[in-house]
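Order of the sequence lines sets the chain letters (A, B, ...), proteins ahead of strands, with each chain counted from 1. Note: hydrogens, waters and symmetry copies are ignored here, and every other heavy atom, side chains too, is used. Quantities reported herein were computed from a predicted structural model and do not represent experimental measurements.
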Number of protein chains: 2
Amino acid sequence: MPRKATVTMADVARKAGVSVASVSNYLNNRPYMSESMRARIASAIDSLGYQINLSARNLRSGQTHLLKFVIPDLRQIYFAELAEDVLAAAHQRGYGVIVESTSNSRERELEAVRSMGQRAVDGLILSPLMMQPADAELLRGDYPLVVLGERLFDVPAPHVLIANRSGVREATEHLLRAGCRRIAVVGAAARGNTELSSRTIRTQGYRDALREAGVDFDPALMIVTEGWGSLDGLTAARRMIDDGLPFDAVLALNDLMAWGVMRGLRDNGIRVPEDVRVVGFDDLDESAYVSPSLTAVDPNRTEIARLAVESVVEQIESGRRAPAQTVEAPARLVCRESSPAVE
Amino acid sequence: MPRKATVTMADVARKAGVSVASVSNYLNNRPYMSESMRARIASAIDSLGYQINLSARNLRSGQTHLLKFVIPDLRQIYFAELAEDVLAAAHQRGYGVIVESTSNSRERELEAVRSMGQRAVDGLILSPLMMQPADAELLRGDYPLVVLGERLFDVPAPHVLIANRSGVREATEHLLRAGCRRIAVVGAAARGNTELSSRTIRTQGYRDALREAGVDFDPALMIVTEGWGSLDGLTAARRMIDDGLPFDAVLALNDLMAWGVMRGLRDNGIRVPEDVRVVGFDDLDESAYVSPSLTAVDPNRTEIARLAVESVVEQIESGRRAPAQTVEAPARLVCRESSPAVE
DNA sequence: GTGAAAGCGCTAACAT
DNA sequence: ATGTTAGCGCTTTCAC
């Protein structure tokens with residue numbers, strides 16, 4: 001005598017004296033249904049405590065209303081904040097999100113991509129770090145996909161770009177306008193794809209601005225660090241000071257490093273922004289509260305997340321992957337104490 | 001003429017000249033299968049590019065190999081780091097994780113709980129913030145569940161507690177041992193459940209240590225802030241200084257506030273740790289790199305995450321919810337520059 | 001408007 | 001060792 005642990009649609013239909021088709025119609029808000037039936041079903045559902053079995057619906061409908069979001073590491077504050085925005089955007093569109101942190105592993109990135117054939121999720125938002133151009137091949141397929149971040153390689157799907165180059169150009173222009181002429185750039189060597197790292201791309205924006213302003217580029221001002229942490233920023237600042245390198249501003253290629261740079265400068269009696277201006281990139285929540293508060297390029301995470309989610313959802317609803325294309329969320333400079341707005 | 005877009009097990013079976021049952025057995029690594037069949041199936045799968053349809057497996061098996069992890073906000077670094085550890089522990093056990101950030105909303109916490117009847121996931125790890133004791137009722141059910149955090153109310157499932165009280169007691173003992181006698185405590189008023197907030201519980205650990213050491217408790221040293229951010233810590237430090245409150249140590253009830261407190265002190269020419277020692281709670285990654293580096297209570301997130309995941313997975317595998325019980329991950333004090341170890 | 005019935009792709013019990 | 005087959009619970013034609 002097996003106990004009926006789970007209430008199914010058939011139970012509801014029986015109790016309400018209708019067919020399962022009608023219960024299904026009711027649950028999916030389909031029109032053309034008599035009020036009396038609607039009421040009978042509602043009360044049957046209520047008294048039975050019925051809840052739909054999503055596994056069954058998923059199999060039948062071929063959809064899961066789930067997205068997969070793949071990032072290198074949630075401990076990196078940037079990705080955590082981005083993830084929060086992705087979750088919010090997805091929730092708003094009625095989708096849940098399986099977050100997959102790859103721990104900076106190429107193999108795990110590829111694993112996540114390969115598993116898309118299993119139809120466990122309806123679409124993929126991929127923020128790759130370690131994937132190689134040769135791996136781009138694996139991205140071919142018909143499932144909804146959006147890639148986030150630098151253009152590491154050609155992607156057969158929509159690509160939401162971070163405004164690295166233009167964001168840094170804007171930051172540099174701001175510093176030049178403030179009268180700075182020896183702007184040090186602090187960033188880490190690439191970990192994954194060497195050609196098109198954040199550092200390379202962001203540095204281009206810096207050179208763009210210098211060129212346009214007619215300021216000479218001095219390679220000595222390019223400080224390459226080991227990693228992207230605040231400790232690396234601290235170390236960079238110390239090295240610059242110890243080396244006797246003259247500079248009147250520091251453009252840190254991410255916020256964490258900017259925090260570290262500011263500490264390193266202050267530890268050596270250099271005042272920010274009076275002696276040296278400091279600008280970061282990311283505009284993390286906390287950057288508004290460090291001291292001095294940080295002027296930073298805001299890549300517009302919320303917009304990036306929104307664009308990405310809108311695009312996958314659109315692909316899901318249209319039933320096919322969108323063609324290769326790039327969209328760039330406009331970055332903007334947020335001026336705070338570490339480098340106040342000029343004029 | 002419908003195109004056969006998806007390859008099914010039947011296709012593999014046909015191609016390999018075997019039954020679907022054998023293909024299923026192969027995929028599930030069941031023993032007692034001839035090498036020749038194994039090879040034929042493998043090659044059929046390979047040439048067809050077959051991938052299992054998880055929706056079908058989920059429906060049939062009644063499992064999804066998915067966990068739901070519900071937290072208030074990923075932007076809070078503490079939760080992001082915890083989430084990373086949960087993802088890692090789950091991945092290791094073969095589970096994916098649907099992360100749900102409730103944006104500090106009680107309704108979204110309840111929504112997440114209520115949706116468990118839909119069988120979209122096998123188990124729930126819930127870190128509630130806004131739920132009320134009256135809502136505990138909703139947690140009854142037979143699905144695998146683990147609750148994380150303070151004991152806000154009685155939970156009909158395993159509860160992984162953070163060692164708030166003992167962790168803070170240890171931190172306080174450390175400060176007392178260092179000769180501090182006027183230890184200010186900085187924490188925020190409760191947002192959700194008032195009775196058993198972090199602040200209340202952590203403060204108990206502080207009083208425990210004072211009592212044991214025979215040091216008088218001075219209510220003036222209890223600084224209550226608006227929020228838990230570093231700005232609140234900064235504000236608290238300023239207020240203490242402006243009020244002329246005498247103190248020789250600050251115990252911030254989370255790391256972010258400790259960062260802010262240290263800035264506030266330094267801004268006013270107070271040296272850490274020479275003049276005032278500072279200790280935090282959480283031991284965020286970044287706390288090792290702020291300057292001075294922060295001494296903090298490490299609640300052992302990795303262990304908390306591991307315990308939680310192990311428990312849900314065990315419940316899933318045993319087929320029923322574990323009884324109410326509490327487990328506490330032991331906290332430990334990590335001594336750094338802001339309050340070096342004594343002796 | 002409503003119902004009957006087919007079947008999504010897989011697992012597992014049972015038969016051989 | 002391997003095959004046959006009955007569903008898992010739902011959605012969706014297609015009749016009525």
- Message: When the axes are fitted on five pairs at both termini, how much does the helix from C:dG1-D:dC16 to C:dT16-D:dA1 curve, in 10° steps?
- Response: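 Between the first-five-pair axis and the last-five-pair axis there is 30°.
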
Could you tell me the separation between the [atom1] atom of [X] and the [atom2] atom of [N], rounded to a whole number of Å?
X	N	atom1	atom2	answer
B:Arg14	D:dT2	CZ	P	20 Å
A:Gln63	C:dC8	CD	C1'	13 Å
A:Met9	C:dG3	CE	P	12 Å
B:Ile41	D:dG3	CD1	P	8 Å
A:Gln118	C:dG9	CD	P	15 Å
A:Asp11	D:dC8	CG	C1'	14 Å
B:Arg57	C:dC8	CZ	P	19 Å

Between [X] and [N], does any side-chain N or O lie under 4.0 Å from OP1 or OP2?
X	N	result
A:Ser19	C:dG3	yes
A:Arg60	D:dG9	no
B:Ser55	C:dC10	no

Quick check: on DNA chain D, is the nucleotide nearest A:Ala21 upstream (toward 5') of the one nearest B:Ala21, or the reverse? Name the residue that is more 5'.
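Here B:Ala21 is the residue nearer the 5' end.
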
Closest nucleotide of DNA chain D for B:Leu59 versus for B:Arg38: which of these residues is on the 5' side?
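Closest to the 5' end, via its nearest nucleotide, is B:Arg38.
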
Notebook entry, point to check: Does CZ in B:Arg114 sit with more than 12 non-hydrogen atoms of other residues, nucleotides or ligands closer than 6.0 Å?
Noted result: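 Enclosed.
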
- Task: Let me know which of B:Val147, B:Ile71, B:Val146 forms a side chain to side chain contact (heavy atoms under 4.5 Å, CB included) with B:Ser127.
- Result: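 Single side chain to side chain contact (heavy atoms under 4.5 Å, CB included) partner of B:Ser127 among B:Val147, B:Ile71, B:Val146: B:Ile71.
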
Any base atoms under 4.0 Å from [X], or only sugar-phosphate, or nothing? Heavy atoms, all strands.
X	result
B:Ser61	nothing
B:Leu54	nothing
B:Val20	base

Side chains of [X] and [Y]: does their closest heavy-atom pair fall under 4.5 Å?
X	Y	value
B:Ile316	B:Leu67	yes
B:Val121	B:Met116	yes
B:Ile41	B:Val18	yes
B:Ser101	A:His91	no

For B:Ala10, which residues count as a side-chain contact (heavy atoms from CB on, under 4.5 Å) partner, sequence neighbours excluded?
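Applying side-chain contact (heavy atoms from CB on, under 4.5 Å) to B:Ala10 gives B:Thr8, B:Arg14, B:Val20.
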
Q) What's the shortest heavy-atom distance between B:Ala89 and B:Ala305, and which atoms? A)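 Taking B:Ala89 first and B:Ala305 second, the nearest heavy atoms are CB-O, 4.3 Å.
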
Compare every heavy atom of A:Phe153 with every heavy atom of A:Met131, then report the nearest pair and how far apart it is.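 That would be O-CE2, 3.8 Å.
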
Which ones in residues 23-36 of chain B lie close to DNA chain D, meaning a heavy atom under 4.0 Å from one of its atoms?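 When residues 23-36 of chain B is checked for heavy atoms under 4.0 Å from DNA chain D, the hits, listed by number, are B:Tyr32, B:Met33, B:Ser34.
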
Hey, does the side chain of A:Glu109 reach the backbone of A:Leu129 with a donor-acceptor pair shorter than 3.5 angstrom?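 It does hold such a pair.
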
Consider the side chain of A:Ile52, meaning its heavy atoms from C-beta on, and name the nucleotide among D:dT11, D:dG9, C:dG3 that approaches it most closely.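 Closest of the options to the side chain of A:Ile52: D:dT11.
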
